[in-house]
Protein chains: 2
Amino acid sequence: MTSAAEIPDTETVPEEPSGGGEPARVAGGIPEATVARLPVYLRALYTLAERGANTVSSDELAACAGVNSAKLRKDLSHLGSYGIRGVGYDVEYLVYQVSRALGLTQNWSVVIVGAGNLGRALANYGGFLTRGFQISAILDSDPSLVGRPIGPVTVRHVTELESVITSNSVAIGVIATPAGTAQVVCDRLVAAGVTSILNFAPLVLNVPDGVDVRKVDLSIELQILAFHAQRRFAERFGQESDSAAEA
Amino acid sequence: MTSAAEIPDTETVPEEPSGGGEPARVAGGIPEATVARLPVYLRALYTLAERGANTVSSDELAACAGVNSAKLRKDLSHLGSYGIRGVGYDVEYLVYQVSRALGLTQNWSVVIVGAGNLGRALANYGGFLTRGFQISAILDSDPSLVGRPIGPVTVRHVTELESVITSNSVAIGVIATPAGTAQVVCDRLVAAGVTSILNFAPLVLNVPDGVDVRKVDLSIELQILAFHAQRRFAERFGQESDSAAEA
DNA sequence: CGTTGTTTGTGAACGAATGCACAAAGTGCT
DNA sequence: AGCACTTTGTGCATTCGTTCACAAACAACG
């Protein structure tokens, strides 16, 4: 759930109505729910490729990705018709097509703001940033952290934010600061031209239209888990004292 | 979109059909999409309470939470009818009701497995674990980390996993290990009785029915951002070379 | 070449989520 | 008490997402 339901926060510019009864088909033609699953498929494909698989059926790939095979096929059908009936999908070719659809054939420059525990974890997580992303800088306001090497870069002072962004044409900003400074950092990122932001600070960021914010929030996830745990608990034993089931 | 969309992974046990035309109403009566937003409302309510607000209208609260006010009212209506027409909601009372709905009136015991950068970040993030959650232990397999104090606890060896869980009646496990060991850790958590798992490792965990897994995955979020960034880019300038828009 | 078996791609039914728009229900002023 | 104003709670239409089930397309083999 999510993503949650995740759960989308994008402000998508609506296209012309385009007649049909299809499920929306925003510009780019790929529904949000599908976009959120493509990275999962991509990871499964890489795993399969490492195992030496040349082709894969929708059933196998769906099992690896933890989804139902009909959903997988419908998702992939939004990218084009890249399967072979009676055989399956060519792994390498599908990797390329999914990557292209996600925009990973170009390299994206990322700046991380905040070199605390979380920022360090992100910068060090080589596995995360393998393909398509490159950390241009990690910034912090604490002078005692500046100059310290973390992962592929060294910490720079947050005053350099604007110059780092313009000189590296950074398109994605990651906010790993405390909640108190997150909005200020966000405003500066946006003013400097960043239109994609990944927010780890526990607050709702305010951004103008045209800026895409995604949030990752531990406490929210924990609370959702707590809800389900409580529900399971109440189901197993009798109903709780006063649930919302009164007439 | 996190969650957005985030995106559900729960195996919910369907209740009796219950007749009506309402949107599903799983056991507990609260739709998934609503559950995912309740923590956001709760945080906004705490912020408002700190500012000294006694009551709040759906418009204000919706603005704080970054959603549409009709959606907010519909969400809250699933908990019961706790507003006063013409006035709004009593902040303190609503905090209590939302907390109760989420199962935060009891304390949940959490164990973090993996004391690397990420595990340390989580254990130190006091802001995350304020209300309703308590870190019972943080575990790692690296002997050089054992004994080191992190946040409210000290690192213990992962061999103690089972005993920690049973003696603290831990209900929630957080996996902050590398991908290679995540499944093994997961299996051990499940075998020890944990039914709620928050997974930070970049892989799809395999769990039996009745276990609830939520994942937090940086690379997926980045890839979704990249997709939208690419789309915006292609929209601004002419269409890309070959999009999927052929007849 | 036809037949059998496999797997994709998708039409169509269903189910969930969103947002509008308004009646119902309250406050406060005169 | 009556009236004007505010805000909740919800029925309804619409959009979005999932799943089923099957025809179309291909491989393999005799």
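Below, chains carry the letters A, B, ... as their sequence lines are ordered, and counting in each starts from 1. Note that these values count all heavy atoms, side chains included, but never hydrogens, waters or copies made by symmetry.
Closest to the A33(A) side chain, of the nucleotides dG9(C), dT18(C), dT18(D), is dT18(D).
For the residue pair R43(A) and S219(B), a side-chain donor N or O sits within less than 3.5 Å of a side-chain acceptor on the partner. When only modelled atom types and interatomic distance are considered, R232(B) and S196(A) share a side-chain donor-acceptor pair under 3.5 Å.
Contact between the side-chain N/O atoms of Y82(A) and the OP1/OP2 oxygens of dT7(C) is not found at any separation under 4.0 Å. OP1 and OP2 of dG26(C) both lie 4.0 Å or more from every side-chain N or O belonging to Y89(B).
A distance of 13.5 Å separates CG in D90(A) from OH in Y96(A), rounded to the nearest 0.5 Å. Note: R37(A) CZ to L76(A) CG = 10.0 Å, rounded to the nearest 0.5 Å. For the atom pair CG (N199(A)) and SG (C186(A)), the distance works out to 7.5 Å, reported to the nearest 0.5 Å.
As a whole-Å value, the separation of R85(B) CZ from dC5(D) C1' is 15 Å. In this structure, L94(A) places its CG atom 14 Å from C1' of dG9(C), rounding to the nearest Å. Following rounding to the nearest Å, E60(B) (CD) and dT7(D) (P) show an atom-to-atom distance of 8 Å. The interatomic distance linking Q97(B) (CD) with dG9(D) (P) rounds to 12 Å, in whole Å. Atom C1' of nucleotide dC20(D) and atom CG of L72(A) are separated by 16 Å, given to the nearest angstrom. In this structure, I84(A) places its CD1 atom 15 Å from C1' of dA24(D), rounding to the nearest Å. The interatomic distance linking K71(A) (NZ) with dA16(C) (P) rounds to 13 Å, in whole Å. Separating the NE2 atom of H78(B) from the C1' atom of dG11(D) is a distance of 13 Å, rounded to the nearest angstrom.
The backbone N or O of N206(A) lies less than 3.5 Å from a partner atom in the side chain of Q183(A), making a donor-acceptor pair.
When the nearest nucleotides of DNA chain D are assigned to K74(A) and V87(A) by heavy-atom distance, the more 5′-ward of the two goes with K74(A). Comparing R73(A) and A70(B) against DNA chain D, the residue whose closest nucleotide sits nearer the 5' end is A70(B).
No side-chain heavy atom of I84(B) sits under 4.5 Å from any side-chain heavy atom of T55(B).
In the region residues 47-58 of chain A, proximity to DNA chain D at under 4.0 angstrom, judged on heavy atoms, holds for none of the residues.
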